[in-house]
Each structure stands twice: as structure tokens, then as C-alpha cells.
Amino acid sequence: MQPGAREFRLWVIVRALVGGLALGHPPIAAGHEDLPMIEAHALTKRYGERTAVEDLSFTVRPGAVTGFLGPNGAGKSTTMRMILGLDAPSAGRVTVNGRHYADHRAPLHEVGAMLEARAIHTGRSAYHHLLALAVTTGIPRGRVDEVIDLVGLREVARKRAGGFSLGMGQRLGIASALLGDPATLLLDEPVNGLGPEGILWIRNLLRSLAAEGRTVLVSSHLMSEMALTAEHLIVIGRGRLIADTSVAEFVRGAAGTSVRVRTDDAERLRRLLAGPEVTVASEAAGVLEVTGLTSDRIGRIAADHAIALAELTPQQASLEQAFMELTRDAVEYQAPPVADHEGRAA
Amino acid sequence: MTTLPARPAAASGPAVRGHVTQLRVLHSEWIKLRTLRSTLVTLTAAVVVMIGLGLLFCAVSANRWPHMDRGEQLRFSAAGVSVRGFLLAQLAVAVLGVLVVSGEYATGMIRATLSAVPRRLPVLWAKAAVYTAVTFLAMTTASLVAFLAGQAILSSQHIGTSLGAPGAARMVFGAGLYLTVVGLLSVALGTLIRSTAGGIATVFGLLMVLPLLTEALPTTWSISEYLPSNAGQALLAAHREPHILAPWTGFAVFCLYTVVALAAAAAALKRRDA
Ligand SMILES: Nc1ncnc2c1ncn2[C@@H]1O[C@H](COP(=O)(O)OP(=O)(O)O)[C@@H](O)[C@H]1O
Ligand SMILES: [Mg+2]
């Protein structure tokens, strides 16, 4: 378990107590539904003929940044709108912190969201935008100033949001997500339009939010960004789940890890390594690319046969490669079922 | 450009937990309405038109009075002519009413709004209530001012009247009431149609074009008095006439249309994807 686990448990208990007091009943034992989690079950969304999300099930857990990854049009934004109850699922269901979003009495305190399409009236100032949202659930003005400072919009807070740059708009979106100090955060492509400084800032913000025990779901179509921010990944393509895994596992599983071996005795080693699950490629004399065996195993075999190794390096596929591989698969292998589905529907 | 704080102190202050209540949503919608420039501009336009046109009509009437024939003089309503500006003011009131909702759809704000109030209907009730209150106050005041200033002009010909005269108070406050319900109807249609252009076209069509179209129909069909605007404007009629409903009956019919539109808007808002 990660180092923040204890703080997280403490935090859950505090939340249960506070929640219990606010609801006016004694704080009962923190049940499963008190955990800040997003649970989607067989979630499906059709827009007319088009299926945007299909049979999607996943759980987003607290304490880690979960990357919601998929190429453009994969259904990330649609899923996020369904989590927030903005779009009704055609089938399946999704709950946040144990309930449908619309059943929460203090939604801004449960879930903070920043949607992809800017959800801001262009004619209103950032301050009044946040204030109008804040008062719906009795958040004091002081908190509005606080989140404005937090995202660094103080100087422009009284200006019309319509004049904001993309990056400023994103930061205003993040400010509104943080307004209610929510246990769960949903951010749809938050780094879009941000400069390097802003991207770094978001990355740290998301990590610290997760470290406090919150549930953080961040969508992106950029694998490289998720590699640096997320610990867990939910990958979708064409509305379907492709992978639900840790970032490390994802890289290992998707592209297959190979080991680079350099030795003067390459031909003998190649024969020794051969096996049903093992492939050995060679791109230069004395260099082998081995997949299907760990570096430990290769080293052991070489030692057993007294082969001197000049190099033994596990090769990690880059996250971007892994992602491309997976989504290419999604395109290749998902296409027939979709056609089939449409064929039957017609 | 602004500078970012070095360290993101994510949850610096504990936010006070609170449930969404209708009262809080009302407060939110009041903040939203008063923090848009279009509100001030459009409401000012409505008030200026209401008073300005009233004064203009009164001045013209005062000038023409000596040249009017007896029948015309008998039919003349000093109260009615002074609040006649409502005909144009209703356009501004309708535009703003539609914008109260369609502006949120156009900008995407509606998603933030409905995320904050996921049960949705409190938003519609709050928008309707806030806009109704604001138009009622602004337009009733404008109507009173138009009436009083108008009578000052008309008194030059000794044809001015007072609020105590039969029907005068009904017409003056009726103008405010009629415009208020126009506003409410526009909020409902804005919610139903969601687009600004479509919403405005629908309200204008309903209030102004439809009566013109039915004028082409034979009078024996007599549906014209049941049209929304004709029914509502019965409250402002100086004289009882055939093919005009009794003042409060007409107004009640107009309110009924509005209630139906609001109910449809509520159903649509609750059901549709945002
Ligand atoms: N309101 C809508 N009406 C019709 N089609 C939609 C709507 N929203 C999304 N889609 C379609 O659903 C698919 C998924 O879109 P989206 O969720 O925006 O993907 P992503 O956010 O992953 O880029 C796309 O093919 C898109 O065209
Ligand atoms: Mg998207």
C-alpha cells in the first residue's frame, strides 16, 4: 500500500463524522458507500445510431490519480457527462461515492468537475461565476477567493470570462471543481491549452489531491501526459474498455517487454534461449532482442552455460508505444463487432 | 498573464458543507441575472421604451385632441394611451426572458449549473421566480411613471385622468402584470427551445405574428381572443368589445398558456441530456 494509506483511512473517518453531523444523524460506521469512488456498471450511451459508450464497467478508487485514456472520440467526455448525470445512460449505471450523482444533496462537496467544453458564461466574471455556483450549496465567499488564488486568477477574477485564454479558462474550470473541497474530482482534458508551467502545476495539484485520499479521474488523449501524472489507467477505445490497470503493468502488458542482450556468443545463446513462448530477434551481429524471458532468467541461462554477457538490458516500451499498440488493436478488432451490431440493429 | 502559486495547496480551507435548497438556488440565479450586462441593457431598454413611447403617444394625442371627432374623443382612454409602450417593451422583456436560459446553453454554462443542482427543476423555478420578480418590479414602476408623466402631458388639454378613475389602475398595473407574464412565458420557451434565435423567434411569433395571421380568418371563428397575447392584453383594454375577453378572464387564459409552457419546460429540462 502507498505511504498515504494511513492518512487516507483517517480522512475517510473524519469525512464520515462530518458527513454524519451535517446530515443530522449519528455518525454510523463508515460503510462502503462512504468511500469516494466512481463505479460504472455496463454503462452504455447511444446518440441515435451512434454508440458513444458501450458496456463500460470500471471502478475509480481513492488515493491515486486515475488516467482516463483514449483517442479522440473514444467516449471519455460522454462517460464523464454520464457520471455527472448530465447525460442519461442508455443502459447501465454509474454511481459516485455510492450514489447516483443527482441523489447527492450537496453535489459540489461530493464531486468537483471540470468538463471539456467550457461550462462558463462568457459574459460573467470569473468571480461571479464561482460565486453563483458556490451559493447553491452555501459555500462562503471566502472560499471563492481562496480557489481563485489557488489557480492564480486573482488579477483577472473580475474580468469577463469570455476574454480568457484557453489556459485561463482551464484554470477557472479547475477552480470551480475545487470549490466544494470535494472527495472526488473529474477533470476532462485539463492540460489542454496550458503551457509547460501550467501542465507541471496541474500534475502536482492532481497528485497532491490524490495523496489526500481523494478520487481523481483525469481524461486525456495524450499517453505521455498520463505517464507522468497517473498511477492507474482506464483505457477506452470506441466506447469500450481496453485496459484497467496500473501504469506500470500497462506498459509491460501492452507492448511486451523485451531484453537486449549483447554477447560474443550470440548464436549459442540464441539456441539456448529458444522455447515456445520466446522470440529472439537480432538486428546487429552480437545483439539479441529477447521477448518472453526476464533478464534474470536470461542471465541465469547464460551463466549456466558460461557465456559472457557484455550487456543485459530490459527494454521498456514507451507508454506512447504501448498506447498506440492498444488503440490500434481497438480499431482493428473492435471494428467487426461494431459493424455486426449495426447490421443486426438495421 | 497571471502567476501560479508555487505549491498547490489543494484543499486549503475546509468548505462548509451544505445541501442544495430552493432558496440557495434562488440566490444563485439572482447573482447570475444581476452579473450579466445584457440584463441591465435589455431591462433599461424595456423601461425606456415603456416610458418614452407612452410620453410620445400622450404628446401626439394631446396635439390631436382638438382635431378629433366626437366618436374618437369618446373612445379615447387617457390611461390606456399612456401605457401603450408595452407593445414594444414586451419585445425586450421576451428577449431577456429567453436569454436567461438560452444564454446558458449557448455558452455551456448550463452544464455547470446542472452539475451544481443535479435535480434540475429548482433551477427552472429559480430562474422563473427571479426573472418574474425583476420584470414585475421594473415594468410596473415603468408603467406607473409612464402613466403619471403621460397624464401631466394630457392635462394640457384637460383630458388627463387619475389612478382612481374607472379602469385606470387595472390598465396601469395590468401593463406590469402582462409584461411579467410575457417574461415568464419567455423563460419557459427558452428552456424548451434552448437556442436564443429559435426561442426569440417563437415568442415573437406567438405574441405578434399569430394574432396578425388569425385576423385573416373570418371573425365568426372567434379564436383570436383566445390567442395568448390577445387574451393577455384584454387586461389593458379600455372598453368592453366583442371578440375581446373580459380583462381578468383574458389574463387568466394568458396565465394558463404560460403555466402549460412552464410545465412542458420542466418536463423537457428533467428528461433531456444537457
Ligand atoms: N451529444 C452528442 N450527440 C451525438 N453524438 C455525440 C454526442 N456527444 C458525443 N458524441 C459522439 O460520441 C463519440 C464519443 O465522443 P466523446 O465522448 O466526446 O469522446 P472523447 O471525449 O473521448 O473524445 C464521438 O463519436 C462523438 O461524435
Ligand atoms: Mg472529449
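Given the structure is predicted, the values throughout are model-derived calculations rather than measurements.
For the pair P107(A) and V20(B), the minimum side-chain heavy-atom distance is below 4.5 Å. The shortest distance between side-chain heavy atoms of R37(B) and R160(A) falls below 4.5 Å.
In terms of modelled atom types and a separation under 3.5 Å, the side chain of T136(A) and the main chain of V25(B) share no donor-acceptor contact. The closest donor-acceptor contact from the side chain of R111(B) to the backbone of L86(A) lies at 3.5 Å or more, if one exists at all.
When heavy atoms are compared at a cutoff of 4.5 Å, A88(A) approaches chain B by way of both its backbone and its side chain. Within the 4.5 angstrom heavy-atom criterion, no atom of S38(B) approaches chain A. For T122(A), the parts lying under 4.5 angstrom from a heavy atom of chain B are both the backbone and the side chain. For R120(B), the part lying under 4.5 angstrom from a heavy atom of chain A is the side chain only.
For the set A134(A), A119(A), G85(A), the count of heavy-atom pairs under 4.5 angstrom toward chain B peaks at A119(A). For the set H121(A), H100(A), H128(A), the count of heavy-atom pairs under 4.5 angstrom toward chain B peaks at H121(A).
When all heavy atoms of Y101(A) and A116(B) are compared, the pair lying nearest together is OH-N, 4.4 Å. Scanning both residues, A102(A) and R119(B), for their nearest heavy atoms gives O-CG, 3.8 Å. Closest non-hydrogen pair, L84(A) versus S115(B), comes out as CD1-OG, 4.0 Å. Minimum interatomic distance between A132(A) and I31(B) (heavy atoms only, all atoms of both residues): CB-CG2, 4.1 Å.
Heavy-atom contacts from other residues, nucleotides or ligands closer than 6.0 Å to CG of L200(A) number more than 12. Residue R272(B) qualifies as enclosed at atom CZ: its count of foreign heavy atoms under 6.0 Å is above 12. Taking a 6.0 Å sphere around CZ of R84(B), one finds it holds 12 or fewer heavy atoms contributed by other residues, nucleotides or ligands.
The side chain to side chain contact (heavy atoms under 4.5 Å, CB included) search around V47(B) returns I51(B), A138(B), M139(B), A142(B), not counting sequence neighbours.
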- Query: Taking it one step at a time, do Y47(A) and D273(B) satisfy side chain to side chain contact (heavy atoms under 4.5 Å, CB included)?
  - Reply: CA-CA 10 Å; Y47(A) 294 107; D273(B) 287 344; 4.0 Å; yes

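If you take CE on M109(B) and CZ on R118(A), they are separated by 13.5 Å, rounding to the nearest 0.5 Å.
Listed by first then second residue, pairs satisfying ring-ring contact (aromatic ring centres under 6.0 Å, His included) with a partner in residues 143-188 of chain A number zero, not counting sequence neighbours.
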